[in-house]
Structure formats: structure tokens, C-alpha cells
Colleague: 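The structure is given below, and queries will be raised subsequently.
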Amino acid sequence: LGLTIQLLATVVGGLAVGLYFCWRLALVVVAASPLAGLGAALQLKLMTGFDSLTAFEESGKFASEAIENIRTVIGLGRVDDFLHAFYKTLEKPSKAIQRRAWMQGAAFGIGELGLFAVW
């Protein structure tokens, strides 16, 4: 509650000072504020909500099983097969995380552009 009151007082005080000293620039800032808010909201939405730990859960289980049975794997001479299978389990989550990283980067750029364009 205290932080909200402080934020509101800062915004109102800043607008009051801005409108008093340079009303034209203050009106431009007020008009462009929704753009900045939209950019920040988009950035926040895409930056949260993705858990990379669950994406690699299957590959972690596979690696754990292979490590627990390392003597059997080595005894059968199947180390390369397990290694290739492990890499195969990494492909799908890696592509998903890479795609998510591109989206987050684009959202970050748009968000920062919105904030920068206001000034």
C-alpha cells in the first residue's frame, strides 16, 4: 500500500511540475504514456511464465538413468548410443527455449522502444 501511494504521488507530482513548467512536452508525455505502458506490459508478460526446468525434465531423467547404470552402459559398449539419444532428447526443449528467447528479445525491444519513444 505504501509503495502504491508513493508511486501515485510521484506520478501526480511529476505531471503537475511538468504541466506547470513545460505544458507542451508534458502533454506529449501524457499522450504517449499508454504506448510505454503497453510496451512494459508486453515485456512483463513474455518475460514471466516460462519454466525452463520443466522443459529439460525428460532429458534429465534420461541422463540420470544412464549415469545410474553406467557400468552396464560401458559393459555393453553403448555409450555413443546413449549420448546420441540424450542429444535427441535435448533438441525439442532447446528449440522451444530458443524460440521463446527470440520472442522475449523482440518483446524487450518493443518495450524499450515504447519507453524510449516517449522521451
Side-chain angles (χ1 to χ4, degrees):
L1 181 66
L3 186 61
T4 304
I5 292 172
Q6 180 184 1
L7 177 67
L8 187 62
T10 302
V11 169
V12 170
L15 278 174
V17 169
L19 286 170
Y20 180 75
F21 285 107
C22 187
W23 63 273
R24 290 183 188 119
L25 181 60
L27 288 179
V28 170
V29 170
V30 168
S33 292
L35 178 65
L38 183 67
L42 177 69
Q43 184 177 352
L44 180 68
K45 180 168 174 50
L46 286 176
M47 289 292 191
T48 58
F50 186 73
D51 188 15
S52 63
L53 295 177
T54 58
F56 290 102
E57 187 175 342
E58 182 183 342
S59 59
K61 287 179 183 177
F62 186 84
S64 177
E65 184 179 336
I67 290 170
E68 285 177 7
N69 300 313
I70 192 68
R71 288 184 180 175
T72 306
V73 172
I74 292 174
L76 294 173
R78 306 287 308 260
V79 175
D80 289 334
D81 295 337
F82 273 92
L83 191 59
H84 291 300
F86 176 68
Y87 286 149
K88 192 125 180 119
T89 61
L90 289 177
E91 285 178 3
K92 186 177 178 182
S94 294
K95 286 182 182 179
I97 286 180
Q98 196 172 35
R99 184 172 40 252
R100 183 74 176 190
W102 277 101
M103 288 174 41
Q104 286 177 345
F108 181 75
I110 291 170
E112 291 298 311
L113 175 67
L115 294 173
F116 182 74
V118 169
W119 307 115

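Just the heavy atoms: all of them, side chains too, but no hydrogens, waters or symmetry mates, feed the values below. Along the sequence shown, residues are numbered consecutively beginning with 1.
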Colleague: Among pairs that include at least one residue of residues 85-106, which meet ring-ring contact (aromatic ring centres under 6.0 Å, His included), considering only residues two or more places apart or in two chains?
Modeller: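 For residues 85-106, and leaving out neighbouring residues, there are no ring-ring contact (aromatic ring centres under 6.0 Å, His included) pairs at all.
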Colleague: Is the shortest heavy-atom distance from the side chain of Asn69 to the side chain of Glu65 under 4.5 Å?
Modeller: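 Counting from C-beta outward, Asn69 and Glu65 do come under 4.5 Å.
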Colleague: Would you please name every residue forming a ring-ring contact (aromatic ring centres under 6.0 Å, His included) with Phe62, sequence neighbours left out?
Modeller: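 Partners of Phe62 by the ring-ring contact (aromatic ring centres under 6.0 Å, His included) criterion, ordered by chain and then number, come out as Phe82.
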Colleague: How would you list all residue pairs meeting side chain to side chain donor-acceptor pair (under 3.5 Å) that involve residues 71-82, not counting sequence neighbours?
Modeller: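 Side chain to side chain donor-acceptor pair (under 3.5 Å) check on residues 71-82 returns Arg78-Asp81.
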Colleague: Show which side-chain atoms of residues 3-18 pair as donor or acceptor with protein atoms under 3.5 Å away, not counting sequence neighbours.
Modeller:
residue, atom, partner, partner atom, Å
Thr10, OG1, Gln6, O, 2.8

Colleague: Under the rule for salt bridge (Lys or Arg N to Asp or Glu O under 4.0 Å), what residues qualify as partners of Lys88, not counting sequence neighbours?
Modeller: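 With neighbours one apart ignored, the set is empty.
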Colleague: Using only atom types and a distance under 3.5 Å, with no angle test, would you say the side chain of Ser33 pairs donor to acceptor with the backbone of Val29?
Modeller: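 Here the side-chain-to-backbone pair exists.
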Colleague: Hey, what else clusters with Leu19 if you join Ile, Leu, Val, Met, Phe, Trp, Tyr whenever side-chain heavy atoms sit under 4.5 Å?
Modeller: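 Other cluster members: Trp23, Leu27.
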